[in-house]
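Atoms considered below: every heavy atom in the structure, side chains included; atoms not considered: hydrogens, waters and symmetry mates. Heads up: numbering here begins at 1 and tracks the sequence.
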Amino acid sequence: MMLRALCRTGGVLLQQTQRAAPRLWVTPAQQRWASSLPMNTVVLFVPQQEAWVVERMGRYHRILEPGLNFLIPLLDRIRYVQSLKEIVINVPEQSAVSLDNVTLQIDGVLYLRILNPFKSSYGVEDPEYAVTQLAQTTMRSELGKLTLDKVFRERESLNSNIVHSINQAADEWGIRCLRYEIKDIHVPPRVKESMQMQVEAERKKRATVLESEGTREAAINVAEGRKQAQILASEGQKAEQINKATGEAQAIMAKAEAKAKAISMLSDALTEQNGDAAASLSVAEQYVSAFSNLAKESNTILLPSSAGDISGMVTQAMTIYGTLAKTSPKAAVAEEKSDDFGSQSSQ
C-alpha cells in the first residue's frame, strides 16, 4: 500500500512539475524537442526514446533507461532530458554568394539524432542552436565554391558535403546529422530573367543543331541512294553488254559452224555422180530468186545484157566453178612437191 501511495504521489508531482518546470532551451525552435525536467519523486517512469541524465550531488551519476527507475531524494537530481528520436530542424533562410558573385537566398531542413546523451548534455551548451549555426556557415562555405549553374545541378553533392562537414564537428556533441535537404533557392529577379533567356537560347540552339543534323542525314541518305542506284545501273549495263557480246559471239560461232558444215556437205555432194548437174540447178535457182528481188530492194536496177538467157548464165557460172576446181588440184600437187623437195634437201 505504501508503494502504491508513493507511486501515485510521484505521478501527481511529475505532472505538476511538467506544467511548471522551465524548459532547457528557451528559443521557439528549441522548444519543439526539449522535454521538461521532472522532479525526483523516488519512483520514476522514463518514457521510451528518452534519456534522463541524473546528477548526484552536482556530479554526473548515470542515465536512466526507459521504464521503472529509483532515485535517492535530495541527493539525486534530473539535470537533462534528451530525446532519442529523429529531430527535424528548419534552417532559417540566409543569403550566400556563389563563386560567380551571385547573391542567393537559400534555406533548408536538417535531420539529426542524439546518439550520446552524455556528450549532448555536457559537450555543448545548446546543441540545436550549435548545429543550426554550423549548418548555415557550412552552407555559405559550400555555395561559395560553386557557380550559379552548378548550384542547381549539384544539389545532391552539396547536401552530402554539408552533412559530412556537420558530422565532423558534431561528433564531439554526441549528435549525428542524418541528412540535409535544400528547400528553396531564390535568385534576384534580373538573374532569373537572364537565366530564362539563357535557357531559351540553349533550347533554340539545340533545335537548330537537331534540324541541321536532320538535314545532313537526309542529304547523306539521298546521296547514298543515288550512289547505290548508279552502281546498280552500271552493273546492269555491264551485265547486259557482257550477255549481248556473249550472245553475238555464240551466234557468230554457230553461223560459222553451220556454214562450214554446209560447205563440207556441198563439197562432198559435188564429188559424187551428177554433182555438176546439181550445182547447175542450184545456180539457176539462185539466179531466178535474185532476179525476182531486184525491183523490191531499190528503184535503181542494173541488168546484164543477156538477162533473159538463163542457160548462158548457168554455163558461165559452171565454167568459173570448173576453172576453180582445176586450179585447186594443181595447187595441192605443187604443195606436195614442195614438201617432198624440202624433206629430201634436209636428208
Distance-only criterion, 3.5 Å: show the donor-acceptor pairs between side-chain atoms of residues 219-226 and protein atoms not counting sequence neighbours.
from   : atom 1 : to     : atom 2 : distance (Å)
Asn221 : ND2    : Glu217 : O      : 3.1
Glu224 : OE2    : Gln228 : NE2    : 3.3

Subject >> Non-neighbouring partners of Glu93 that pass side-chain hydrogen bond (donor to acceptor under 3.5 Å, both in side chains), sequence neighbours left out >> reply: none
Original post:
Who pairs with Glu55 by side-chain hydrogen bond (donor to acceptor under 3.5 Å, both in side chains), at least two apart in sequence or on another chain?
Top reply: Tyr122
Subject >> Inter-residue atom distance Arg79.CZ - Leu37.CG, 0.5 Å rounding >> reply: 7.5 Å
Original post:
Nearest 0.5 Å, what's the CD-CD distance between Gln48 and Glu65?
Top reply: 9.5 Å
Original post:
Checking salt bridge (charged side-chain N to carboxylate O under 4.0 Å, His left out) for the pair Glu142/Lys145: CA distance, chi angles, key distance, verdict?
Top reply: CA-CA 5 Å; Glu142 294 295 331; Lys145 300 177 183 178; 3.7 Å; yes
Going by atom type alone, with no hydrogens or angles, which donor-acceptor pairs under 3.5 Å involve a side-chain atom of residues 168-176 and a protein atom two or more places apart or on another chain?
from   : atom 1 : to     : atom 2 : distance (Å)
Gln168 : NE2    : His164 : NE2    : 2.9

Original post:
Of the non-hydrogen atoms in Pro127 and Ser120, which two are nearest, and what is the gap between them?
Top reply: CG-O, 3.5 Å
Subject >> Over all atoms of both residues, closest heavy-atom pair of Val42 and Pro73 >> reply: CG2-CG, 3.3 Å
Taking atom [atom1] of [X] as the centre, does the number of heavy atoms from other residues, nucleotides or ligands within less than 6.0 Å exceed 12?
X      : atom1 : value
Glu202 : CD    : yes
Leu74  : CG    : no
Lys150 : NZ    : no

**OP:** Could you walk me through whether Ile166 and Leu112 pass side chain to side chain contact (heavy atoms under 4.5 Å, CB included), step by step?
**Re:** CA-CA 10 Å; Ile166 292 175; Leu112 54 87; over 6 Å; no
Original post:
Are Leu99 and Leu104 joined in one hydrophobic group, where the rule is that I, L, V, M, F, W and Y side chains link up if heavy atoms are under 4.5 Å apart?
Top reply: no
**OP:** Report yes or no: do Val97 and Leu148 belong to one cluster of Ile/Leu/Val/Met/Phe/Trp/Tyr joined by side chain heavy-atom distances under 4.5 Å?
**Re:** no
Side chain proximity check, [X] to [Y], heavy atoms < 4.5 angstrom:
X      : Y      : value
Leu68  : Phe45  : yes
Asn69  : Val54  : no
Ile182 : Val151 : no

Original post:
Do the charged groups of Arg179 and Glu86 touch, with an N to O distance under 4.0 Å?
Top reply: yes
**OP:** Could you tell me whether Arg216 and Glu213 have a side-chain N and a carboxylate O separated by less than 4.0 Å?
**Re:** no
Can you give each donor-acceptor pair under 3.5 Å made by side-chain atoms of residues 130-137, sequence neighbours left out, with the distance rounded to 0.1 Å?
from   : atom 1 : to     : atom 2 : distance (Å)
Thr132 : OG1    : Glu128 : O      : 2.8
Thr137 : OG1    : Gln133 : O      : 3.1
Thr137 : OG1    : Leu134 : O      : 3.0

**OP:** May I have the step-by-step check of side chain to side chain contact (heavy atoms under 4.5 Å, CB included) for Ile72 and Arg56, ending in yes or no?
**Re:** CA-CA 9 Å; Ile72 300 176; Arg56 177 168 292 179; 3.6 Å; yes
Listed pairs under 3.5 Å, donor-acceptor, residues 241-253 side chains, sequence neighbours left out:
from   : atom 1 : to     : atom 2 : distance (Å)
Asn243 : ND2    : Ala239 : O      : 3.0
Thr246 : OG1    : Ile242 : O      : 2.7

